Each structure stands twice: as structure tokens, then as C-alpha cells.
*Asks:* 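Here it is, the structure, as C-alpha cells.
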There are 2 protein chains.
Amino acid sequence: MATIDKKMKMMTLDQMKDKDIGKVGTPERDKYEFDLRMEVLGDMIKSVRKERNLTQEQLGELIGVQKSQISKLERNTKNVTIETILKVFSALKANVRFSVEMNESEFKVV
Amino acid sequence: MATIDKKMKMMTLDQMKDKDIGKVGTPERDKYEFDLRMEVLGDMIKSVRKERNLTQEQLGELIGVQKSQISKLERNTKNVTIETILKVFSALKANVRFSVEMNESEFKVV
DNA sequence: ATAAATGTTTCCATATAACTCAACTTATTG
DNA sequence: CAATAAGTTGAGTTATATGGAAACATTTAT
């Protein structure tokens with residue numbers, strides 16, 4: 001099992017919100033990663049969309065859906081499927097990563 | 001934006017398969033992370049389940065579904081929802097992480 | 001203050017994910 | 001090699017995610 005080092009820029013949700021609200025002129029955002037909990041998925045979409053300077057309607061056009069659909073996704077009104085997630089972030093030219101971490105100790109068969 | 005260092009043990013899919021097939025006695029597996037592409041989700045479930053020494057039926061019981069359902073999830077027959085992913089890995093006491101990485105340069109509005 | 005743009009909500013249809021049950025196949029093991 | 005256990009498959013049901021249309025609300029200009 002290989003052990004690697006990964007250096008990444010992380011953003012908290014608060015920082016994300018800061019971005020959404022203001023600070024549009026931030027320059028050095030060439031590449032970074034969000035670390036995300038599932039509940040925040042909608043915020044992630046919104047955040048990346050804003051980063052791309054797109055309206056919901058424009059993002060919708062890229063994917064082929066109405067703006068209302070984007071709104072719903074961003075507001076977590078539904079329990080999204082993987083396909084949808086990929087579709088959206090792919091349109092936003094963002095790479096999606098999914099990781100699973102298990103710690104042996106915790107587990108106990110009931 | 002904070003920059004942090006994260007050291008993690010990574011596993012390739014091949015290594016995962018090695019584990020599934022043989023090598024059950026591997027000891028120091030206290031904590032590690034899988035790096036995963038969406039298409040491999042089913043393999044991830046299977047891999048973690050085996051790690052926990054559970055049958056599909058047992059995992060099913062933990063979640064409250066039939067073994068056939070687990071089989072289908074592991075074999076990627078459906079386009080799974082987030083809720084399902086979380087339900088499964090939560091039963092397996094595994095932490096799920098989701099991350100989005102965007103690189104500014106690539107994007108061009110069509 | 002009004003208009004235009006952007007985002008939200010509701011109502012609705014349709015596709016499909018989640019699931020069961022039962023029959024089947026493929027390992028395991030006594 | 002039988003049994004038994006473990007996993008797979010198919011048919012059918014139910015719940016719900018996806019999506020459109022249009023009306024509504026909110027924000028951003030002018």
C-alpha cells in the first residue's frame with residue numbers, strides 16, 4: 001500500500017459563503033479543492049457556478065435543463081444521484097472526487 | 001484560504017482487487033483512504049464490506065434491505081443516490097468524502 | 001421607482017432508483 | 001459429492017429524482 005503526500009488548498013464553508021456574497025475579484029484561484037460534506041452539495045454547485053460567472057439559466061443551458069432545475073439542485077430539495085452530480089460539475093469543468101475512509105477500530109458487528 | 005498538508009494512505013483499484021481475492025490476513029489496516037472514481041463505487045462498497053467481514057446479507061440487515069439489493073449496488077446496476085451511498089458506508093462505519101476541484105484555466109463559456 | 005434579470009416555488013408528468021420475493025448460479029465446506 | 005452458504009438475476013411494485021412550465025419573489029440595474 002503506497003503512502004503519498006497530497007498538498008491541497010482547502011476551503012471552509014464559511015469561506016465559500018464569503019466568496020458567494022462578495023469578493024468576486026479574488027485572483028489566485030487557479031486550482032483548489034473543496035472539502036465537502038454531503039449536506040453541502042448544493043452550496044458546492046452554487047459556489048462553483050458563481051466562480052464560473054454563470055447564471056442558473058446559463059448552467060442549465062450547458063446541461064440542457066431549466067434554471068428551475070439548477071435552483072432545486074443548489075437548494076438541496078432533492079436527494080441527488082451521482083449521474084446528476086457528475087453532469088453538473090462536468091459542465092462546470094470541475095473534477096469530482098469521492099473517497100471513503102474506514103477506521104478499523106470503530107467497527108463492531110451488532 | 002488555508003493550505004494544509006494531508007498525509008494519506010492510498011489504494012489503487014488493483015490493490016483493492018488483490019484484497020478482495022486473497023490476502024485476508026493483512027494486519028495494519030487501521031486507517032486508510034480510497035481514492036475513487038465514480039464508476040468504481042460498487043467495488044468500493046464490496047471492498048469495504050469484505051474488509052468488515054460481512055456477507056451481503058449481513059450488510060443488508062444493518063441497513064434494512066435484502067441481500068439482492070446490496071448485490072445490485074455492488075454491481076453498479078443503478079445510478080445510485082447520495083442517500084444510498086451514505087446509508088451503506090455509514091453502516092460500514094466508513095467516512096465518505098466528496099471533493100470538487102476546479103481549474104480555472106480550462107473553462108470557456110460556450 | 002420601474003424594468004430587467006436572476007432566482008425560487010408549485011404543480012405536474014415521466015423516468016428510474018430503491019426495494020422485495022423467488023428462482024437461480026456460484027462458491028464453500030463437511 | 002452433496003449440502004449449505006453466498007451472491008446474482010429477473011419480474012414486478014413503490015417511492016422519488018428529474019425535469020418542464022409558468023407564476024412568483026428577489027435582486028440588480030437604469
Side-chain angles (χ1 to χ4, degrees), chain A residues 16-25 36 38-92 96 98 109-110, chain B residues 16-25 36 38-92 96 98 109-110:
Chain A
M16 268 170 51
K17 279 174 182 165
D18 276 351
K19 276 169 75 290
D20 283 349
I21 296 162
K23 298 179 184 165
V24 200
L36 158 107
M38 283 307 173
E39 320 92 61
V40 209
L41 182 68
D43 291 308
M44 285 304 320
I45 297 174
K46 182 174 180 180
S47 185
V48 178
R49 173 176 63 80
K50 290 251 173 131
E51 192 75 13
R52 297 312 198 186
N53 284 307
L54 295 174
T55 64
Q56 292 182 340
E57 191 158 33
Q58 290 173 317
L59 176 54
E61 274 160 29
L62 288 177
I63 303 172
V65 300
Q66 298 293 115
K67 59 182 180 166
S68 59
Q69 185 62 13
I70 304 296
S71 174
K72 285 165 190 168
L73 296 175
E74 291 186 358
R75 315 204 101 238
N76 295 307
T77 57
K78 289 284 150 77
N79 169 29
V80 147
T81 65
I82 307 233
E83 191 172 277
T84 299
I85 296 171
L86 289 175
K87 203 189 298 177
V88 170
F89 285 112
S90 158
L92 290 166
V96 164
F98 189 78
V109 190
V110 190
Chain B
M16 266 169 53
K17 278 174 182 164
D18 276 351
K19 277 170 76 293
D20 281 351
I21 295 161
K23 299 181 185 163
V24 200
L36 158 106
M38 282 307 173
E39 320 92 63
V40 217
L41 184 68
D43 292 308
M44 286 302 321
I45 296 174
K46 182 174 181 180
S47 184
V48 178
R49 174 175 64 79
K50 291 248 174 132
E51 192 76 13
R52 296 311 199 186
N53 285 306
L54 295 174
T55 65
Q56 292 183 341
E57 191 158 33
Q58 290 174 315
L59 177 54
E61 275 162 29
L62 287 177
I63 303 171
V65 300
Q66 298 294 115
K67 59 181 182 172
S68 58
Q69 183 61 12
I70 304 296
S71 174
K72 282 164 189 168
L73 295 175
E74 290 185 358
R75 315 202 99 238
N76 294 308
T77 55
K78 289 283 150 78
N79 168 28
V80 146
T81 64
I82 308 235
E83 191 173 276
T84 299
I85 296 171
L86 288 175
K87 204 190 297 178
V88 170
F89 286 112
S90 158
L92 291 166
V96 164
F98 189 79
V109 189
V110 191

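Proteins get letters first, then strands, A, B, ... in listed order; numbering begins at 1 in each. The figures here come from the full heavy-atom set of this structure, side chains too, leaving out hydrogens, waters and symmetry mates. Note that this is a predicted model, so its numbers are computed, not measured.
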*Asks:* Shoot me the first and last contacting nucleotide of DNA chain D against chain A, ordered 5' to 3', at under 4.0 angstrom to non-hydrogen atoms.
*Replies:* dA17(D) to dA22(D)
*Asks:* With rounding to the nearest 0.5 angstrom, report the OG to CD distance, Ser71(A) to Glu57(A).
*Replies:* 12.5 Å
*Asks:* Whole Å only: how far is the CD atom of Gln56(B) from the P atom of dA27(C)?
*Replies:* 13 Å
*Asks:* Looking across every strand, which nucleic acid part, if any, lies under 4.0 Å from Ser71(B) by heavy atom: base, sugar-phosphate, or nothing?
*Replies:* base
*Asks:* I'd like to check the side-chain hydrogen bond (donor to acceptor under 3.5 Å, both in side chains) partners of Thr81(B); sequence neighbours left out, ordered by chain and number.
*Replies:* Asn79(A), Thr84(B)
*Asks:* Please determine if a side-chain N or O atom of Arg75(A) lies less than 4.0 Å away from the OP1 or OP2 oxygen of dG7(C).
*Replies:* no
*Asks:* Kindly state each residue pair satisfying salt bridge (Lys or Arg N to Asp or Glu O under 4.0 Å) with at least one member in residues 63-82 of chain A, sequence neighbours excluded.
*Replies:* Arg49(A)-Glu74(A)
*Asks:* Apply the side chain to side chain contact (heavy atoms under 4.5 Å, CB included) test between Leu92(B) and each candidate in Lys87(B), Met44(B), Glu51(B), Arg52(B); give the one that qualifies.
*Replies:* Arg52(B)
*Asks:* Tell me, for nucleotides 13-26 of chain C in 5' to 3' order, what letter each nucleotide earns: B for a base near a protein heavy atom under 4.0 Å, S for only sugar-phosphate near one, - for neither?
*Replies:* ----SSBBBB----
*Asks:* In whole Å, what is the span from the CG atom of Asn76(A) to the C1' atom of dT9(C)?
*Replies:* 16 Å
*Asks:* Using side chain to side chain contact (heavy atoms under 4.5 Å, CB included) as the criterion, list what pairs up with Ser90(B), not counting sequence neighbours.
*Replies:* none
*Asks:* Please identify each residue that fulfils side-chain hydrogen bond (donor to acceptor under 3.5 Å, both in side chains) with Gln69(B), with sequence neighbours left out.
*Replies:* none
*Asks:* What heavy-atom pair brings Ala91(B) and Ile63(B) nearest, and what distance separates the two atoms?
*Replies:* CB-CG1, 3.8 Å
*Asks:* Report for the helix from dA1(C)-dT30(D) to dC24(C)-dG7(D): angle between first-end and last-end helix axes, five pairs each, rounded to 10 degrees.
*Replies:* 50°
*Asks:* May I ask you to decide if the ring planes of Phe98(B) and Phe98(A) are parallel, tilted or perpendicular, using 30° and 60° as cut-offs?
*Replies:* perpendicular
*Asks:* Apply side chain to side chain contact (heavy atoms under 4.5 Å, CB included) to residues Leu62(A) and Leu54(A) and explain how you reach the verdict.
*Replies:* CA-CA 10 Å; Leu62(A) 288 177; Leu54(A) 295 174; 3.8 Å; yes
*Asks:* Determine whether Ile85(B) and Ile82(A) make a side-chain contact, defined as any pair of heavy atoms from C-beta on separated by less than 4.5 Å.
*Replies:* yes
